[in-house]
Amino acid sequence: MADNKNTVASSNDDNVLLRVENLSQHFGELKAVDNVSFDIKKGEVFGLVGESGCGKTTTGRSIIKLYNITSGSIYFKGQRIGAGTLSYKNAIKEANEKFKKDVESIKKGSASDKSEQIAKKKADLKKYVAEQKANIASAKNDNKNVDKDLITQIQMIFQDPIASLDPRMTVREIISEGLVIKGMKDKAKIDEMVYEVLETVGLVRDHAGRYPHEFSGGQRQRIGVARAVIMKPELIIADEPVSALDVSIQAQVINLLNDLRRELGITILFVAHDLSVVKYFSDRIGVMYFGKMVELADADELFKNPLHPYTRSLLSAIPLPDPDYEKNRQRITYVPLRDHDYSVEQPSFREVAPGHFVLCSDSEEKKYKEIIKE
């Protein structure tokens, strides 16, 4: 983790727009997101999938700073825009506990230079604690001094097209609110930008004076897209933007996002639980389960070689419009205690093939590599 620096050092940084490192988001005792890492390259669509409650929406909200993250770092265009402090505080706590154990061990020993050993341990502890406190101060400083203009280059499309639009504001006011907050005062210029973006998302100028209740679900979602696009963002976080819509309308919104991606060069973090939609729309896919990232790979690779049992379970649940296939479809159920034995080996997120990462233990990694070779 880059602790005191505001940039990320990497050989391929020029192509990475967003980097999430060891992100954790806790709400009291609940670990909604637990040590998640990934990056998103410029111009790509990164799909984030998993069942309801797995932490994918929380991840998106943490990136756009709707939450103050618990620990980890979030970098956008090389700048740290989010930093948590819990990991540094835990490191200090663990170091103090280890120091106490070491001192007890030294006192029980037979060495003649006990006081010197204890003094050295104490000096090492003091130095380490000072480093962690500097990391905490750096994280707080980065959170406090985030460039607001930089943050506006990240916009979000919310899941519920009804609840996310203020019913007391006209479409013109909803879409232009971000411009007004940024300080734009030229009403004629604002109106022209609103009309232009309405036409971009498939609506018309006359819609600008209407209220959200006068529109269908699909039209409301287009208004949400327009509100994001008018800010000319480099990254859009689309939080299940089609889950509340009819199937035919879903296709329209997905095609709209695809068009915007091609025409405007926008990068998209696409949060969803429908794997068939994600496969069609995404370049790479990350799979989350209970707050953890369990698998990450190119979309084609993930569907061709799903390795983690949870990923295989999700893929087995995708229905196909084929009666013969559906009759014989084998539904895979994921049971962590049955599918993993972590009593001896602890899992970590590992690259088992180029660009293909899986949360696994040593023995599982060996098994997964053999599967890919086949």
Side-chain angles (χ1 to χ4, degrees), residues 17-18 40 42-45 60-61 63-66 76-77 79 81 146-242 244-245 249-271 281:
L17 183 66
L18 178 83
I40 302 177
K42 292 177 182 177
E44 81 169 340
V45 174
R61 287 172 173 261
I63 290 170
I64 204 170
K65 295 185 70 65
L66 291 179
F76 180 64
K77 298 178 72 173
Q79 300 294 312
I81 62 171
V146 172
D147 184 346
K148 292 181 180 178
D149 288 334
L150 186 67
I151 295 298
T152 60
Q153 294 176 31
I154 307 175
Q155 294 294 318
M156 192 163 190
I157 301 168
F158 295 92
Q159 178 177 357
D160 191 338
I162 300 174
S164 63
L165 303 178
D166 190 329
R168 293 172 295 277
M169 295 173 70
T170 64
V171 169
R172 177 186 285 104
E173 292 169 336
I174 289 169
I175 294 176
S176 65
E177 186 176 17
L179 299 175
V180 174
I181 290 172
K182 281 194 72 175
M184 186 176 287
K185 296 179 180 179
D186 188 338
K187 290 185 178 181
K189 177 65 175 175
I190 290 173
D191 284 348
E192 192 56 40
M193 291 179 70
V194 169
Y195 296 148
E196 183 180 337
V197 78
L198 280 172
E199 291 172 355
T200 300
V201 301
L203 298 173
V204 298
R205 292 184 173 216
D206 290 346
H207 289 151
R210 299 184 187 178
Y211 289 86
H213 73 270
E214 299 179 67
F215 296 90
S216 67
Q219 288 175 318
R220 289 193 190 106
Q221 198 58 288
R222 287 173 185 268
I223 295 168
V225 173
R227 175 175 56 186
V229 170
I230 200 170
M231 301 302 294
K232 301 188 185 308
E234 292 198 36
L235 173 67
I236 286 181
I237 300 172
D239 179 19
E240 303 204 37
V242 297
L245 307 176
I249 307 301
Q250 287 183 14
Q252 292 177 20
V253 174
I254 291 295
N255 289 333
L256 169 62
L257 291 173
N258 244 338
D259 292 340
L260 292 173
R261 175 195 177 190
R262 285 194 300 266
E263 294 168 10
L264 305 178
I266 295 173
T267 304
I268 299 175
L269 170 59
F270 189 74
V271 178
F281 191 50

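Below, each value reflects all heavy atoms present in this structure, side chains not excepted, and no hydrogens, waters or symmetry copies. Residues take their numbers from the sequence shown, with the count starting at 1.
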Which pair of heavy atoms, one from [X] and one from [Y], lies closest together, and at what distance?
X      : Y      : answer
Val194 : Ala208 : CG1-CB, 4.4 Å
Gly224 : Ile157 : O-CG1, 4.3 Å
Pro161 : Gln221 : CB-N, 3.8 Å
Ile175 : Ala226 : CD1-CB, 3.8 Å
Thr267 : Gly43  : OG1-N, 2.7 Å
Met169 : Pro212 : O-CD, 3.3 Å

Verdict with reasoning, Val171 to Phe215, per side chain to side chain contact (heavy atoms under 4.5 Å, CB included): CA-CA 10 Å; Val171 169; Phe215 296 90; 3.5 Å; yes
Show me the donor-acceptor pairs, under 3.5 Å and distance only, between side chains in residues 176-189 and residues at least two apart or in other chains.
{"from": "Ser176", "atom 1": "OG", "to": "Arg172", "atom 2": "O", "distance (Å)": "2.7"}
{"from": "Asp186", "atom 1": "OD1", "to": "Ala188", "atom 2": "N", "distance (Å)": "3.2"}
{"from": "Asp186", "atom 1": "OD1", "to": "Lys189", "atom 2": "N", "distance (Å)": "3.2"}

I need the full list of salt bridge (charged side-chain N to carboxylate O under 4.0 Å, His left out) pairs touching residues 217-232, with sequence neighbours left out, sorted by first then second residue.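 Passing the test, one end in residues 217-232: no pairs.
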Going from [atom1] on [X] to [atom2] on [Y], what distance comes out if it is rounded to the nearest 0.5 angstrom?
X      : Y      : atom1 : atom2 : value
Phe76  : Ile154 : CZ    : CD1   : 4.5 Å
Gln252 : Leu257 : CD    : CG    : 12.0 Å
Asp239 : Phe270 : CG    : CZ    : 10.0 Å
Ile81  : Ile63  : CD1   : CD1   : 8.0 Å
Ile266 : Leu260 : CD1   : CG    : 5.5 Å
Met156 : Leu66  : CE    : CG    : 6.5 Å

Do any N or O atoms from the side chain of Glu240 and from the backbone of Gln159 form a donor-acceptor pair under 3.5 angstrom?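 Side chain of Glu240 to backbone of Gln159: no pair is present.
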Below 3.5 Å, can you tabulate the donor-acceptor pairs from side chains in residues 198-207 to any protein atom, sequence neighbours excluded?
{"from": "Glu199", "atom 1": "OE2", "to": "Arg205", "atom 2": "NE", "distance (Å)": "3.4"}
{"from": "Thr200", "atom 1": "OG1", "to": "Glu196", "atom 2": "O", "distance (Å)": "2.9"}
{"from": "Arg205", "atom 1": "NH2", "to": "Glu192", "atom 2": "OE2", "distance (Å)": "3.2"}
{"from": "His207", "atom 1": "ND1", "to": "Val204", "atom 2": "N", "distance (Å)": "3.3"}

Checking side chain to side chain contact (heavy atoms under 4.5 Å, CB included) for the pair Val146/Lys65: CA distance, chi angles, key distance, verdict? CA-CA 10 Å; Val146 172; Lys65 295 185 70 65; 4.2 Å; yes
